[in-house]
Asks: 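My questions will all concern the structure given below.
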Amino acid sequence: MTLVATLIVGALLSVAITEPSQAEPVDDSLIIDGELQMTTRVKAPPEHPLDEILSGWLYRTPETRAMEADSFENPGMLYVEQGEDIWNQTSGALGRSCATCHGDATLSMNGVGAHYPKWHAASERPINIELRINQCRIENMAAEPYAFDSEEQKALTTYIKYQSLGQPVAIDLDAGGMRSWWGEGKNLYYRRMGQLNLACASCHENYSGRHLRADHLSQGNSNGFPTYRLKQASMVSLHNRFRGCIRDTRAEFPPAFSDELMALEVYLAWRGAGLSVETPAVRQ
Amino acid sequence: MKLSRRRALHLSAGAAVLAAIPASLLSAAAADATPADERLQQFTGGRTPLRDKITLTAPEIAENGNTVPVSIHVDSPMNRHSYVEAVTLLAPGNPNPGVITFHFTPNSGSADATTRIRLAKTQTLIAVARLNDGTVFMDEKNVKVTIGGCGG
Amino acid sequence: MATPKPRVKVPRRAAAGEIITIKTLISHKMESGRRINKQGSLVPRQIINKFRCDFNGETVFSCDIEPAIASNPYFSFKARVDAGGVFTFTWSDDNGDVYSTQKTIELTS
């Protein structure tokens, strides 16, 4: 189906189900602070199930979109600042901070987050920013790893990802065993589960643009994580969101950083490839 | 109403406030003042707020009731002779109707304020302004508060 | 978050008599006192209950805050600048703590 035809059908379907005011993702441009042009729409590669890859930003109300477009209005920036403090704070028996080895994050971490998750040869599995931070803490700082979703883990991950703001998500699927993890992630994405018998695809591929109760369903891309969610009024990590979504289908949800969720993270990064890193994004 | 408006204003403060309050604030048992009514009366000193001068801006549909951006603007010269003393926001549908009271001074230059609030459910938000001479004005906006996705 | 951190946006310069826009944000959970935690008990109220903006020692704008103000409270308001000087911003916590920050502004003419 051509894009136009899809949009028309989609618009007709959404109008049938709900009020026309928020039928489709908006035709709006995200420019942060009037300066940084963000890519929120990307033509999908040929093997992609969708024609166009869209950022979750496009599905939000004008007020929510405005919050992300201004770095002062964006409460996620409070966590970027907290992350910067942590970056410069010594931690662990060796008395080092992130800055000790990595110096100025605006230089050393520039563009880094956009290429995660990466293949990690030593552990023979993909690694994300949260796990990389913990690996560094253990091996290079003689410090305790952060517990999943601890304030420090979220703030520091937000700060590091923020150094890639505006840059396109682009992961290397040819490294190590990434392709097979991508395959596992894809299987999970399409697997129906739980009492509600829903797969990720059920909402985010088949019904994106339509409403689930009053929630305007996006494509479920990961380019904005960790995200400032208005619901929690604080940062929400990607694995927290995975677990929450799966829990909401009334299925048992896998542990954070488990094989299933790491595979899903890899697959999702591919599904959203080309979108700008928006961390800290503002979502509902 | 049997009573003329003038007569109504001469009655006790509570009744006068009830007469002036829009239907949105009245509870089912209209004779008993709701917490929102009481707050309003406290703020207005029993005076009747007019629908003028103050504009309340709030989204028609709140993406999430936990963080709703709202702003107020009051038409006022904001000089020593005539200025907005205070603006209060009331959310009658919340467990506690009080939200915030902004205090302005002539040094504010302009009676404007923006903040982010929590709304427990769909309701009519009310903003009341009080000038230095005691006159009061109000505006209201209905905000739909929705439940997201699978409750997620 | 650890210690509530304020963020304030004030123009560096203004013309005499200009009305400027000031934006403020502070990290704070704003526990309403109605939330039930994972263990099933009510989390006690702890919010920022007052915010004040002074200019050269005189109050310009302030608010009395209740639990219906969202986490990480955001306030934007206006101030008329007739002289150069210092804006002082103060947030008062239920627990007695006071957080404060300052911004200087110069006159252009």
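Chain letters run A, B, ... following the sequence lines, proteins first and then strands; every chain starts at 1. The figures that follow rest on heavy atoms only: side chains count, while hydrogens, waters and symmetry mates do not.
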Asks: Closest heavy-atom contact between A68(C) and N94(B)?
Replies: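 Closest pair (atom of A68(C), atom of N94(B), distance): CB-ND2, 3.9 Å.
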
Asks: Measuring heavy-atom distances to chain B, does S32(C) have an atom under 4.5 Å in its side chain, in its backbone, in both, or in neither?
Replies: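 Answer is both: backbone and side chain atoms of S32(C) are under 4.5 Å from chain B.
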
Asks: Could you give the distance from CZ (F102(B)) to CZ (F75(C)), rounded to the nearest 0.5 Å?
Replies: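 Reported value, rounded in 0.5 Å steps: 7.0 Å.
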
Asks: Identify the two heavy atoms, one from P95(B) and one from R34(C), that lie closest to each other, and give their separation to 0.1 Å.
Replies: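 Looking at all heavy atoms of both residues, the shortest contact is CB-CZ, 3.2 Å.
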
Asks: Under 4.5 Å heavy-atom distance to chain C, tell me which part of P106(B) shows up: side chain, backbone, both or neither.
Replies: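 It is the backbone, since no side chain atom gets that close.
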
Asks: Measuring from N66(B):CG to S71(C):OG, what's the distance to the nearest 0.5 Å?
Replies: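 Nearest 0.5 Å value for the CG-OG distance: 6.0 Å.
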
Asks: How about residues 47-67 of chain C versus chain B: which residues have heavy atoms under 4.5 Å apart?
Replies: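 Expected list: E58(C), T59(C), V60(C), F61(C), S62(C), C63(C), D64(C), I65(C), E66(C), P67(C).
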
Asks: Stepwise, does the side chain to side chain contact (heavy atoms under 4.5 Å, CB included) test hold for L25(C) with R116(B)?
Replies: CA-CA 11 Å; L25(C) 196 56; R116(B) 293 166 187 163; 4.1 Å; yes

Asks: With a 4.5 angstrom heavy-atom cut-off, is it the side chain or the backbone of A113(B) that approaches chain C, or both, or neither?
Replies: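 Both backbone and side chain.
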
Asks: Assess whether atom CD of E38(B) is packed by more than 12 heavy atoms of other residues, nucleotides or ligands within 6.0 Å.
Replies: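 Enclosed.
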
Asks: Heavy-atom distance under 4.5 Å to chain C: side chain of D112(B), backbone, both or neither?
Replies: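 Both backbone and side chain of D112(B) come within 4.5 Å of chain C.
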
Asks: Counting a contact as any heavy-atom pair under 4.5 Å apart, which residues of residues 91-102 of chain C contact chain B?
Replies: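 The stretch does not come within 4.5 Å of chain B.
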
Asks: Please name the pair of heavy atoms, one in R80(C) and one in M78(B), separated by the smallest distance, quoted to 0.1 Å.
Replies: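 R80(C) and M78(B) have their closest heavy atoms at NH1-O, 3.8 Å.
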
